[in-house]
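Below is one structure, written out as structure tokens; comments come after it.
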Amino acid sequence: QENIFQLKANENIVEPLFPNVKGNPQYWTNKMIQLTVEQNDTDYMYSFSSIKGKYYRQKDSVSKVYGQNQIVYVSVMNQNGVISQEREVVLSNLDLFQPKVNVNFKEINSYVIFSVDASDDLSGVKEYSFDGGKTYQTSNQYIVKDNKEVSIYVKDYAGNIKKKKKTYS
């Protein structure tokens, strides 16, 4: 199969090295992702594309920032116009959204049980706080004896927090 990234058909022109890309998080994050090509040659041009086989020149930028999960194709072009093979980078650990939260409570004898129904479509629900984020637990229930306002925080695996206050009286 013909290499579609080779712009010049000259055997004396050396193709740039396959780009090494850093910045793709291994774990969930709620911060924008910055991909950076690690190349030492300042005469190179770089391409960050969401389309396989499509090269976009970016002379002065060895980095690009992303705000959504997607596939990015990274390549490098040397001073002779020869483009490297693409490096496919799968961005899949970005979650910028708070969990969805619904709080219910029911009275049993002289106690009130707060129950939190929470969901997160990307990273998933990690833990719950019923004291305004001071402490967290994996249980989605909290029992109180007296009438009181409860500050409920629900955190996902990326670190996004949804806050709700509920009062039972």
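Nothing fancy with the numbering, it's 1 onward along the sequence. Computed from heavy atoms alone, side chains included, the values below leave out hydrogens, waters and symmetry copies. Note that the structure is predicted; figures quoted are calculated from it, not measured.
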Apply the hydrophobic cluster definition, ILVMFWY joined by side-chain contacts under 4.5 Å directly or through others, and give me every member besides [X].
X      : value
Tyr136 : Tyr153, Ile161
Ile71  : Tyr73, Val90
Ile143 : Ile108, Tyr111, Ile113
Leu122 : Trp28, Phe97, Tyr157

Got a second to check how far [X]'s [atom1] is from [Y]'s [atom2], nearest 0.5 Å?
X      : Y      : atom1 : atom2 : result
Lys64  : Gln34  : NZ    : CD    : 12.0 Å
Ser75  : Glu86  : OG    : CD    : 5.5 Å
Leu91  : Asn69  : CG    : CG    : 7.0 Å
Lys155 : Lys126 : NZ    : NZ    : 6.0 Å
Phe48  : Tyr55  : CZ    : OH    : 10.0 Å
Tyr66  : Ser50  : OH    : OG    : 7.5 Å

Restricting to salt bridge (Lys or Arg N to Asp or Glu O under 4.0 Å), what partner residues turn up for Lys100, sequence neighbours left out?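 With sequence neighbours excluded, Lys100 shows a salt bridge (Lys or Arg N to Asp or Glu O under 4.0 Å) to Asp121, given in chain and number order.
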
Side chain to side chain contact (heavy atoms under 4.5 Å, CB included) partners for Asn104, two or more places apart: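 With neighbours one apart ignored, the set is Asn102, Asp117.
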
Show the nearest heavy-atom pair for residues Ser129 and Thr135, with the distance to one decimal.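 So the two residues come closest at OG-O, 2.8 Å.
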
